[in-house]
Amino acid sequence: VYPDRQSYRCWVCDQGGDCFRWVMEIERVPFPEAIESLARRARLEMPKKSRTNGAQENTSRKTDSLVVVEWAVNLMNQTLKTGPSAENARQYVLKRQLSADTVSNFKLGYHPEDWNWFLEKAKGKFTPAQLVSAGLIRERDNGPGYFDNLVGRLVFPIFDERGRPVAFGGRVLPGGNIESDAKYWNSLESAIFQKRRMLFAFNMARDAIRESKTAIIVEGYMDCIACHQAGVKNAVATLGTAMTEEHVRFLRRFAEKVVLVYDSDAAGQQAAERSISRFLAQDLDLRVLNVPSGKDPADYLETHSSEEFYKLINTAPEAWEYKLQSVLKRTDSQSVAGRQQILNQMVEFLAESQGISGTVREDMILRSVCWRVQVDERTARQQLKDVRNKTDKKSVFRRDADRQPTAVAARPENAMERAEREMLEIILTCPETIDVIRHHIGADDFENVRHQRLLALCIDLWKEDGDLPELSRLIIAAESESDLLSLINAVVDSAEEKGIFRLMMDQPGQNDQGGTSVPNHLERVLGPILERREKRLNLVSKQLHAQSATPKSEFDDSSRELLRRLTDFKQNQMGHPTSTK
C-alpha cells in the first residue's frame, strides 16, 4: 500500500488500484456499491442523484426501512441480554450452548410477549407506516390498529452482503405463552430484502468463503450459528427457501465449491435430491453431504470438533454421485430389472437438469453412470434423447395451453423477437455486459414493445444511476408494474433453462482493436439485430438517394427521422469500432 499515492499493488498477481478498486475486488461488488460502502465507513453523505419522483420515494423508503430495522435489531439484542421479560429466552440460549460472544456477534434478540411493544418503543421515533414498511408490525385483519410480528420469539437478524440488517427470522420459544403453527417466522420480502438471493450469516462468512473457495450451506439459523461457534466460519444458511439459481450465481463470485449439508433422515435426503438437479449444469463444484447418525450440524458439533466436521465436508460426493448413491441404496443393482430402474432414474435426473444438454459434464456423468450399472452407453444416450424429446413436447403443449385456452392459435414468436429475448437474457444473467451492449444497440433497435421497455430500463439504470441492471435493482426500478415484472421473471427463467451464464463463460471471445471484449455468444446474438438495422438503414439510404433531386425543405418528417437515424448509426460505427460492428 502506497499512502502517498493513495493506491495499492499486489506483487503476486500484478493487480492494483485505489480504495474503490480494492473494495470492488475484495467484496466482489460493482463501482457504485464500492462508493456507497466507503461513504458509509467515512460517514460521508452520498450526493443526491437526479431521479424521477417515484425513484426518489423508493430510495427514501429503503433508507427509512434500513434505519428502522437497525433500531429494532439493537433494541431486541439489548432486551435479550438484560431485559427482565427475556429470562425464558436466555435459558433457551444457554440450553443451546450459545456463548455470550455468539449472541453479540449475531445480534440475537428477543421480542417480549407484548403485541404492541414495537409501537410503544417507537413513539416519537418512527411512524406506524415506517414500522409496517420495515416488516416489524402488521395491520389487523379484524379492525383498525396494528400488531407486532416476532412476539415471544428468539430473533435472528438477517444481514445483507454489505453487513446491513434488512430482515428477521424468529423462533417460538418452548415454555412460552405464544402458540403458533409455525415454529419459525421470516420477514416478508420488501425493497431491502429478497430471500431467494440472500443467505443468513454471509456477511460473517464472506472472508472464510473467499479464502477457502468453499461455501457450506446448511438448512437453519441454529445450524449455521453452531457452525460458526465451533470454528466452521464458511457456513451460511438459506432463509426458509430451497437453494435458488440466484444463490448459486451470487456464491460463484466468491467460491469454487459449494457443499449442501442436510440431515441424514428421509426428509433431508429427499430435500437434497430435489434441489440438486437444477444446479447440475452450473460452472461450480457442487457437493452434497448428509450428516451421519441422523443428526443435524448443530447436534453433530456438540460432540465433534470442527476438524472432524471439515473431514466430512471433504468426503462429500459430487451432486450427481450423491443422486446415484441414493438410487443404489434403494434399488437392487444385482438384477437386470434393478439396473434398468437405476438407469431410468438417472436418465430422468439428467433430463431434468436444465442447461446441461450436450455439455462435456453431461458426457462424463452419463459415461460414469453406464460404467457403474454396466449398461451400453449408446443405449443410454438414446434413452436420454427420447426422454428429453418427450418432455419438450409436453412442455410446448402446456405453454400453448396456458397462453391460448381457446381454439385460436397464439401468434408465434419470430426469429428477431427471439434474438431480442436472448439479448435480454444475456443482460439479466451477466449485467456487466450492459456497457458493451449499449454501445451497439438501443431500445429502438427492438421490434417488440415490451422488449424495448426492458432494454431501455437496463440502459437507463447504467447511464443515469451507474447501477448494473441486476435483478434486485430492476425489480425496484420497475416500481410494481406487473407487465414489466412479469417479463423480467420470464426472461430470468428462460435464461436459467438455456444455461446462458455457462454459454457466456465458456466462450469469452477476443479483445478487438478498441480493447473491448465481446463474448462469442453475445456476438452471435447481436449479429442478427445489427444486420436488420443495417438493412433498414441501407434501404433508407437508397430512398433518400432517389430523392436527391428533391430540395431538403420538401423532405417529410418520416424521411428526416430516417436520415437522422442513418447519420447516428454511421457516427456510432466510427466512434466505437468493434469487430461486431
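Atoms considered below: every heavy atom in the structure, side chains included; atoms not considered: hydrogens, waters and symmetry mates.
Remark: Arg249 CZ is packed, more than 12 non-hydrogen atoms of other residues, nucleotides or ligands lying under 6.0 Å away. Within 6.0 Å of the CH2 atom in Trp185, the count of heavy atoms belonging to other residues, nucleotides or ligands exceeds 12.
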key: side chain to side chain contact (heavy atoms under 4.5 Å, CB included) assessment of Ile225 paired with Phe200   = CA-CA 9 Å; Ile225 292 172; Phe200 179 72; 4.0 Å; yes

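Not counting sequence neighbours, the partners of Trp71 by the ring-ring contact (aromatic ring centres under 6.0 Å, His included) test are Phe126. Gln97 meets the side chain to side chain contact (heavy atoms under 4.5 Å, CB included) test with Glu302; sequence neighbours excluded. Residues satisfying the ring-ring contact (aromatic ring centres under 6.0 Å, His included) test with His247, not counting sequence neighbours, are none. In this structure Ser353 satisfies the side chain to side chain contact (heavy atoms under 4.5 Å, CB included) test together with Ser277, Leu280, Ile356, sequence neighbours excluded. For Phe250, the ring-ring contact (aromatic ring centres under 6.0 Å, His included) test picks out Phe202, Phe254, with sequence neighbours left out. For Asp460, the salt bridge (Lys or Arg N to Asp or Glu O under 4.0 Å) criterion is met by no residue, not counting sequence neighbours. Taking Lys183 as the reference, Arg171 meet the side chain to side chain contact (heavy atoms under 4.5 Å, CB included) condition, with sequence neighbours excluded. Contacts of Gln78 classified as side-chain hydrogen bond (donor to acceptor under 3.5 Å, both in side chains), with partners at least two apart in sequence or in another chain: Thr82. Residues satisfying the side-chain hydrogen bond (donor to acceptor under 3.5 Å, both in side chains) test with Arg361, not counting sequence neighbours, are none. Residues meeting the side-chain hydrogen bond (donor to acceptor under 3.5 Å, both in side chains) test with Ser368, sequence neighbours left out: none. Val172 pairs by the side chain to side chain contact (heavy atoms under 4.5 Å, CB included) definition with Arg153, Ser180, not counting sequence neighbours.
Under the 4.5 Å side-chain criterion, counting only non-hydrogen atoms from C-beta, Leu474 is in contact with Leu428. Counting heavy atoms from C-beta outward, Arg453 and Leu487 have side chains that stay 4.5 Å or more apart.
Looking at Thr214, its side chain does come within 3.5 Å of a backbone N or O of Ser212 through a donor-acceptor pair. Without hydrogens or angle criteria, Arg388 side chain to Leu350 main chain gives a donor-acceptor distance under 3.5 Å. A donor-acceptor pair under 3.5 Å is absent between the side-chain atoms of His440 and the main chain of Leu526, judged by distance alone.
Electrostatic pairing of Glu25 and Arg210 does not count as a salt bridge here, judged by no charged N lying under 4.0 Å from a carboxylate O. A salt bridge does not link Arg197 with Glu189: none of the charged nitrogens is closer than 4.0 Å to a carboxylate oxygen. For Glu36 and Arg162, the salt-bridge test passes: some basic side-chain N is under 4.0 Å from an acidic carboxylate O.
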Validation: residues 310-320 side-chain donor-acceptor distances under 3.5 Å, sequence neighbours left out:
unit_1: Tyr310; atom_1: OH; unit_2: Asn234; atom_2: OD1; d: 2.9
unit_1: Asn314; atom_1: ND2; unit_2: Tyr310; atom_2: O; d: 3.2
unit_1: Thr315; atom_1: OG1; unit_2: Leu312; atom_2: O; d: 2.7

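Between the side chains of Tyr322 and Asn290, at least one donor N or O sits under 3.5 Å from an acceptor N or O. Ser494 and Glu425 share a donor-acceptor pair across their side chains, judged by distance under 3.5 Å alone.
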